[in-house]
Trainee: 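Have a look at this one before I ask anything.
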Amino acid sequence: RPTPIFVTADATAFSPNNNGIRDQISFTLLVNNLRGIDSWSLNVMQDGRTVRSFSGESITAQSTIVWDGRDTQGRIREGHYSAELRVNYRKGNRPVARTSEFLLDISPPEVNVDLSPVPFSPDNDGVDDELFIDIDVQNASEISHWRFEIVDRNDAFFNEFSGRGKPAERIIWDGRASNGDLVISAEDYPYRLEVVDVLGNRSVTRGVIPVDILVIRDGDRLRVQIPSITFAPNSPELIVDPSDPQGAKNDAILERLVEVFTKYSTYNIQVEGHAVNITGTEREEITELQPLSQARAEAVRTALVERGLAARRISTAGRGGTEPVVPHDDLDGRWKNRRVEFILIR
């Protein structure tokens, strides 16, 4: 009598890493003739070598065997596998059936992100106005979904790109937030790229997008806003100590400002100090904020002159908290009000 047998795997890939997504693979065994069976075996094989075996002397017409991905030594090895079913009959029949090849994959996707130009300056002057985000993803399994999120210095959401399947090789960003706001001069915008494959293996890549000095046209004037110039607390002392991370960043910003303003040699520069009015009172404005913001503007002017700009080109003004870019009671965003602005005037 004929002795046909069949075996199938319930997935083309699985990932036994205990993340709750395809942690096991199941094999369905079908045996049409149950009479005269001496023994049976199911061998899980990789590169022609058996890594795990299941066997017995009796079997039902349909049965299921679940494999957790471990070999006989309890190890998990990535790669391609197949399973082979053999049934031995007393009268000599030795039918064999095999599954299609399936993948064992527990590694997260390998992701590389390359940014150019760095820094970029989306100020609509035709130079480095767009950021090219090149993404390379290598993975044994198909990619399920991805998300590239950009946040500001306080980890507040700024913008994102996302999609199903593998991400595009290149994303082009114009420096705008999801609500249309433009990035701020000399700020670093952290990003987080998450890539997840169909097996739940997850990769997270983090980095920073640096923004150059942005010269924005404001009517017949040009304007530069920089909240990242740092002073000592409640003091006009400009931190420029290169051994201090804040001082090193201040120095780099000032040097870059000199480069930019040198290109605009026909413009005079007004340095304006701006502050946050925390109490919302006129008293704080007059007695504290305007004198402090004036002194800070003068400290920046001195630093620019020391780095080579002509003193005759530069004037100063202390605006205090009179010209906020966001409401002073916006606890998450009011850091933007504590800034130095540079107005370029012909």
Trainee: Tell me, which pairs form a ring-ring contact (aromatic ring centres under 6.0 Å, His included) where one or both residues lie in residues 44-76, sequence neighbours left out?
Mentor: F14-W67, W67-Y81
Trainee: Got a sec: does the CZ of R75 have more than 12 other heavy atoms crowding it under 6.0 Å?
Mentor: yes
Trainee: Enter the distance from R86:CZ to S39:OG here, rounded to the nearest 0.5 Å.
Mentor: 11.0 Å
Trainee: Quick check, are the ring centers of F102 and F27 under 6.0 angstrom apart?
Mentor: yes
Trainee: How about N201 and S15: does a side-chain donor come under 3.5 Å of a side-chain acceptor?
Mentor: yes
Trainee: Does D218, at its CG atom, have more than 12 non-hydrogen atoms belonging to other residues, nucleotides or ligands within less than 6.0 Å?
Mentor: yes
Trainee: Nearest heavy-atom pair of P16 and G69: which atoms, and what distance?
Mentor: CG-CA, 4.2 Å
Trainee: Within the 3.5 Å criterion, strictly below it, is a donor on H274 or N337 matched to an acceptor on the partner's side chain?
Mentor: no
Trainee: Using side chain to side chain donor-acceptor pair (under 3.5 Å) as the criterion, point out the one residue from E272, Q270, E341 that pairs with R223.
Mentor: E341
Trainee: Is E323 atom CD crowded by more than 12 heavy atoms from other residues, nucleotides or ligands, each under 6.0 Å away?
Mentor: yes
Trainee: Could you tell me if the side chain of L238 sits less than 4.5 Å from the side chain of I229, heavy atoms only?
Mentor: yes
Trainee: Establish, from distance only, whether the side-chain atoms of T316 and Q294 form a donor-acceptor pair under 3.5 Å.
Mentor: yes
Trainee: Any side-chain donor-acceptor pair under 3.5 Å between E284 and T279?
Mentor: yes
Trainee: Given a cutoff of under 4.5 Å between side-chain heavy atoms of I, L, V, M, F, W and Y, with clusters grown through shared members, what are the other residues clustered with F132?
Mentor: I172
Trainee: Near R312 CZ, under 6.0 Å, is it more than 12 heavy atoms from other residues, nucleotides or ligands?
Mentor: no
Trainee: Which heavy atom of I21 sits nearest to which heavy atom of G200, and what is that distance?
Mentor: CD1-CA, 3.7 Å
Trainee: Are any of the side-chain heavy atoms of Q290 and T322 separated by less than 4.5 Å?
Mentor: yes
Trainee: Sort out for me which residue in T28, L30, L42 forms a side chain to side chain contact (heavy atoms under 4.5 Å, CB included) with V7.
Mentor: L42
Trainee: S141 and D105: side-chain donor and acceptor closer than 3.5 Å?
Mentor: yes
Trainee: Just to verify, what does D241 make a side-chain contact (heavy atoms from CB on, under 4.5 Å) with, not counting sequence neighbours?
Mentor: S243, D244
Trainee: Side chains of T266 and R346: donor-acceptor distance under 3.5 Å anywhere?
Mentor: yes
Trainee: Quick one: pull up CG in D47 and CZ in R77 and give me the separation to the nearest 0.5 Å.
Mentor: 10.5 Å
Trainee: Check step by step if side-chain hydrogen bond (donor to acceptor under 3.5 Å, both in side chains) holds for S185 and Q225.
Mentor: CA-CA 6 Å; S185 285; Q225 290 183 349; over 6 Å; no
Trainee: Determine whether more than 12 heavy atoms belonging to other residues, nucleotides or ligands lie under 6.0 Å from atom CD of E110.
Mentor: no
Trainee: Quiz question: by atom type and distance under 3.5 Å, do the side chains of D136 and Q138 form a donor-acceptor pair?
Mentor: yes
Trainee: Does either side chain, that of D212 or that of S121, offer a donor lying less than 3.5 Å from an acceptor on the other one?
Mentor: no
Trainee: Just by distance, with hydrogens left out, do N88 and D38 show a side-chain donor and acceptor under 3.5 Å apart?
Mentor: no
Trainee: Using a 4.5 Å cut-off on heavy atoms from C-beta on, say whether the side chain of D10 contacts that of T8.
Mentor: no
Trainee: Distance only, no hydrogens: is a donor on one side chain within 3.5 Å (strictly under) of an acceptor on the other, for D181 and N179?
Mentor: yes
Trainee: Backbone N or O of G74 within a donor-acceptor pair of the D71 side chain at under 3.5 Å?
Mentor: yes
Trainee: Are the side chain of D23 and the backbone N or O of G20 linked by a donor-acceptor pair below 3.5 Å?
Mentor: yes
Trainee: Quick one about N43 and T50 (side-chain donor to acceptor, distance below 3.5 Å, no hydrogens or angles considered), yes or no?
Mentor: no
Trainee: If I compare all heavy atoms of V326 with all of R334, which pair ends up nearest, and what's the gap?
Mentor: CG2-CA, 3.6 Å
Trainee: Between W335 (side chain) and R338 (backbone), is there a donor-acceptor pair under 3.5 Å?
Mentor: no
